[in-house]
Amino acid sequence: QQQVKQSPQSLIVQKGGISIINCAYENTAFDYFPWYQQFPGKGPALLIAIRPDVSEKKEGRFTISFNKSAKQFSLHIMDSQPGDSATYFCAASPYNSNSGYALNFGKGTSLLVTP
Amino acid sequence: GAGVSQSPSNKVTEKGKDVELRCDPISGHTALYWYRQSLGQGLEFLIYFQGNSAPDKSGLPSDRFSAERTGGSVSTLTIQRTQQEDSAVYLCASSWTKYNEQFFGPGTRLTVL
């Protein structure tokens, strides 16, 4: 059962545009929400993460918006560049003594930024 | 410093053979996680170690899968009597403590013929 639902599955954005990827969850025990970027043949790399006590976090061109009541969070990539073309995964995790912060991942969004 | 390393990077095996996948976490990281990435299932959590201890093995897909960690460092994931559905990329991640950012290795691509 997919605990984190991610959309869209794929996204094409022009260079300089804004890329927006959305995720939704049901488990109210989740308290850590990271976004990962993955290039072909590489492992996922953490982009930015948020905890539910804040509604927005910005790091450079990347912003997470978090809506606790709606149980939704999204990644905005401002001024998208061709080098941002990759697969993006949202994830969510509760802390559990048996599984640590084991991540529940969305299915991923394949982003293509055209020149 | 060095990141998380995994070996082999690619492994092709025949159905029914056993395979062993290795993860070298970042030095000093006490928490270690194994995940599996496949087209059908996406990224799924398999098992977590805090030090050498894995409190819960229920995330492992079947009893053909086992994992251990020794010396609070290297971990091995063993798959016995491999099946075609085991074909996937197996990813390892480590973090300073259970609360911190997870750093992923490049993965081992397992193909079972």
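Chain A is the first sequence line, chain B the second, and so forth, proteins listed ahead of strands; every chain is numbered from 1. Both backbone and side-chain heavy atoms feed into the values below; hydrogens, waters and symmetry mates do not.
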- [ ] Can you measure from NZ (A:Lys107) to CG (B:Leu39) and round to the nearest 0.5 angstrom?
- [x] 9.5 Å

TODO: Can you measure from CG (A:Asn98) to CD (B:Gln50) and round to the nearest 0.5 angstrom?
DONE: 12.0 Å

Could you tell me whether [X] atom [atom1] has more than 12 heavy atoms of other residues or ligands within 6.0 Å of it?
X        : atom1 : answer
B:Leu113 : CG    : yes
A:Lys71  : NZ    : yes
A:Glu26  : CD    : no

Do the side chains of [Y] and [X] get nearer than 4.5 Å, heavy atoms only?
X        : Y        : answer
B:Glu101 : A:Tyr101 : no
A:Leu103 : B:Gln102 : yes
A:Tyr36  : B:Phe104 : yes

Linking I/L/V/M/F/W/Y whenever any side-chain heavy atoms sit under 4.5 Å apart, do [X] and [Y] land together?
X        : Y       : value
B:Trp34  : B:Tyr48 : no
A:Phe33  : A:Phe62 : yes
B:Leu110 : B:Leu60 : yes
B:Tyr90  : B:Ile26 : no
A:Phe30  : A:Ile21 : yes

TODO: Give the member of A:Ala49, A:Ser99, A:Gly41 that has the highest number of heavy-atom pairs under 4.5 Å with chain B.
DONE: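 Looking at each option in turn, the highest pair count goes to A:Ser99.
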
Open item on the list: Out of A:Gly43, A:Ser93, A:Pro44, return the one with the most heavy atom pairs under 4.5 angstrom to chain B.
Closed with: A:Pro44

Open item on the list: I'd like to know if the side chain of B:Tyr35 reaches the main chain of A:Ala102, judged simply by a donor and an acceptor atom lying under 3.5 Å from each other, with no hydrogens or angles considered.
Closed with: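 Side chain of B:Tyr35 to backbone of A:Ala102: no pair is present.
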
TODO: Select one option (side chain, backbone, both, neither) describing which atoms of B:Leu43 are under 4.5 Å from chain A's heavy atoms.
DONE: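 Both parts, backbone and side chain.
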
TODO: Would you please test A:Phe105 and B:Phe45 for ring pair (Phe, Tyr, Trp, His ring centres under 6.0 Å) and show each step?
DONE: CA-CA 9 Å; A:Phe105 284 92; B:Phe45 165 72; over 10 Å; no

Open item on the list: If we define contacts as heavy-atom pairs under 4.5 Å, which of B:Gln37, B:Gln41, B:Arg109, B:Lys57 has the most with chain A?
Closed with: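 Heavy-atom pair counts peak at B:Gln37.
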
TODO: Under 4.5 Å, counting heavy-atom pairs only, tell me which of B:Gly107, B:Ser53, B:Cys92, B:Pro106 racks up the most with chain A.
DONE: B:Pro106

